[in-house]
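Each remark here refers to the structure printed beneath this line.
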Amino acid sequence: VLLSSAEDGCIKLWNLKNQQNAGVKAKTNNGSPQSGLPCDIDAVQTLRGHDGPVLSMAIGHGAGFQDNFMAFSGGLDGTVRYWNLSNLIDADPYDAFNPAQIGPVLKGHR
């Protein structure tokens with residue numbers, strides 16, 4: 001699992017395991033396949049909540065639960081946001097965003 005952020009306040013969730021199993025291979029300069037390197041990866045979900053650039057992120061497991069993924073993000077908008085990623089990792093990228101994935105918001109952290 002990988003998270004990336006941008007100046008537009010969005011966070012993208014990527015499930016690299018599913019993409020590598022898709023069998024998409026990059027090619028070297030001589031045209032032979034380069035094993036293990038996907039050349040086209042799509043984000044599983046886009047998380048929206050910040051009103052400006054996202055400056056920092058952390059990802060981890062919940063207390064004692066290996067498959068309870070969570071993330072925290074801090075933005076220029078002065079907020080720290082909690083994200084519950086557990087149900088999003090294997091989600092269909094075309095599913096609608098569920099606002100319940102957004103947890104508590106800590107404000108005033110400038």
Side-chain angles (χ1 to χ4, degrees):
V1 174
L2 174 73
L3 290 175
S4 63
S5 64
E7 289 186 8
D8 64 358
C10 291
I11 298 169
K12 301 253 184 199
L13 173 67
W14 310 81
N15 188 344
L16 302 178
K17 181 178 136 185
N18 286 350
Q19 298 300 327
Q20 288 177 352
N21 291 336
V24 178
K25 305 286 184 197
K27 297 206 178 209
T28 60
N29 288 340
N30 66 5
S32 62
Q34 192 173 9
S35 64
L37 294 175
C39 61
D40 189 17
I41 300 174
D42 293 324
V44 174
Q45 191 69 248
T46 300
L47 308 173
R48 294 174 175 87
H50 287 283
D51 292 327
V54 177
L55 303 176
S56 61
M57 293 185 300
I59 188 171
H61 295 285
F65 300 100
Q66 190 68 6
D67 47 337
N68 183 15
F69 285 101
M70 67 176 80
F72 294 89
S73 60
L76 194 61
D77 59 359
T79 64
V80 175
R81 294 185 174 270
Y82 165 83
W83 306 90
N84 180 0
L85 305 178
S86 298
N87 297 329
L88 294 178
I89 292 173
D90 294 318
D92 184 335
Y94 299 106
D95 286 346
F97 177 68
N98 180 359
Q101 300 303 130
I102 303 174
V105 177
L106 305 172
K107 298 181 181 182
H109 294 274
R110 293 189 183 235

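Note: hydrogens, waters and symmetry copies are ignored here, and every other heavy atom, side chains too, is used.
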Requested in this report: I would like to know whether Phe72 and Met57 meet side chain to side chain contact (heavy atoms under 4.5 Å, CB included); could you show each step before the answer?
Outcome: CA-CA 6 Å; Phe72 294 89; Met57 293 185 300; over 6 Å; no
**Report entry** Under the side chain to side chain donor-acceptor pair (under 3.5 Å) test, residues paired with Ser73 that sit two or more places apart
**Finding:** His50, Trp83
Report summary line: Distance col, row Ser5:OG vs Leu47:CG, nearest 0.5 angstrom, shows 11.0 Å
**Report entry** Spacing of Thr46 atom OG1 and Lys12 atom NZ [to the nearest 0.5 Å]
**Finding:** 3.0 Å
Query raised in the report: Does a donor on one side chain and an acceptor on the other come within less than 3.5 Å for Lys107 and Thr79?
Result: no
**Report entry** Residues in side chain to side chain contact (heavy atoms under 4.5 Å, CB included) contact with Asp51, at least two apart in sequence or another chain
**Finding:** Asp77
Requested in this report: Please examine the side chains of Leu13 and Leu3, heavy atoms only from C-beta on, and report whether any two atoms are closer than 4.5 Å.
Outcome: yes
Query raised in the report: Which pair of heavy atoms, one from Ala43 and one from Trp14, lies closest together, and at what distance?
Result: N-CZ3, 3.2 Å
Requested in this report: Test side chain to side chain contact (heavy atoms under 4.5 Å, CB included) on Val105 and Arg81 and set out the steps.
Outcome: CA-CA 5 Å; Val105 177; Arg81 294 185 174 270; 3.0 Å; yes
